[in-house]
> 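Sharing a structure below in structure tokens format, with a few things to ask.
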Amino acid sequence: MKPSLLLLCTLLCAQGVFADTPAQTRVKEFKTLLRSFESMGTVVRGRDAYRPDVFARQAATLKADAGKPFANFPAGSQADSRAKAEIWSQSARFKHEQATFLQRVDTLDAAARAKDMAAIRISYGAVAQSCKSCHDAFRGPAK
Ligand code: ASC
């Protein structure tokens, strides 16, 4: 690459010209946490063997990732996403959904650390229910 072209690319990157929007960032973060959650789901549904240490690591990863997307819902970032305006007009309700989700992820992590499959089943279902509840209220149709 020509030095001048390299300089141009460096400057554009530094200006954030190629940076993700908040909506793009949070979608990526949701997809990241979904990877752990779906792997755990195959175990909970009996489609994959239960390896307690692997499962506990996935739960810990889910817990570490779970809060990240919620830092990327600044007001005015509705465009190019399925986010409904209610996220900002009913922000107390949205924050409540978020808190419930994070609490339930913590409970799932505790069950995974305890290697207690009965508790894992219940707490996994509770997390899934929380995803659905928030989507029903705050996520619009696919565009
Ligand atoms: C998932 C997923 C969701 C939730 C929800 C649970 O795996 O992608 O949005 O679980 O479907 O009801």
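Whatever order the structure lists them in is the order used to number ligands and atoms, beginning at 1. We count residues from 1, following the sequence as given.
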> Taking atom 9 (O) of ligand 1 as the reference point, report whether a protein heavy atom occurs under 4.0 Å from it.
yes
> Is D65 paired with R35 through a side-chain N to carboxylate O contact shorter than 4.0 Å?
no
> Are any of the side-chain nitrogens in R57 or D53 under 4.0 Å away from the carboxylate oxygens of its partner?
no
> For H135, does the NE2 atom have more than 12 heavy-atom neighbours from other residues, nucleotides or ligands under 6.0 Å away?
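Enclosed: over 12 neighbouring heavy atoms sit under 6.0 Å from NE2 of H135.
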> Could you name the option among S133, C131, A128 that has the heavy atom nearest to atom 12 (O) of ligand 1?
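Minimum heavy-atom distance to atom 12 (O) of ligand 1 goes to A128.
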> Say whether, by atom type as modelled, one donor and one acceptor occur between the side chain of W88 and the main chain of F73 under 3.5 angstrom.
yes
> Report the C-alpha separation of C134 and R139 in whole Å, then their side-chain angles, then the decisive distance to 0.1 Å, and conclude whether the side chain to side chain contact (heavy atoms under 4.5 Å, CB included) test is met.
CA-CA 7 Å; C134 194; R139 184 172 69 165; over 6 Å; no
> At under 4.0 Å between heavy atoms, which part of H135 makes contact with ligand 1: side chain, backbone, both or neither?
side chain
> With a cut-off of 4.0 Å, which atoms of ligand 1 are near a heavy atom of F37?
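Listed by number with element: 7 (O), 10 (O).
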> Short list, please: which atoms of ligand 1 are under 4.0 Å from a heavy atom of K132?
12 (O)
> Return the residue, atom name and 0.1 Å-rounded distance of the protein heavy atom closest to atom 2 (C) of ligand 1.
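For atom 2 (C) of ligand 1, the nearest protein heavy atom comes out as L34 CD1, 3.8 Å.
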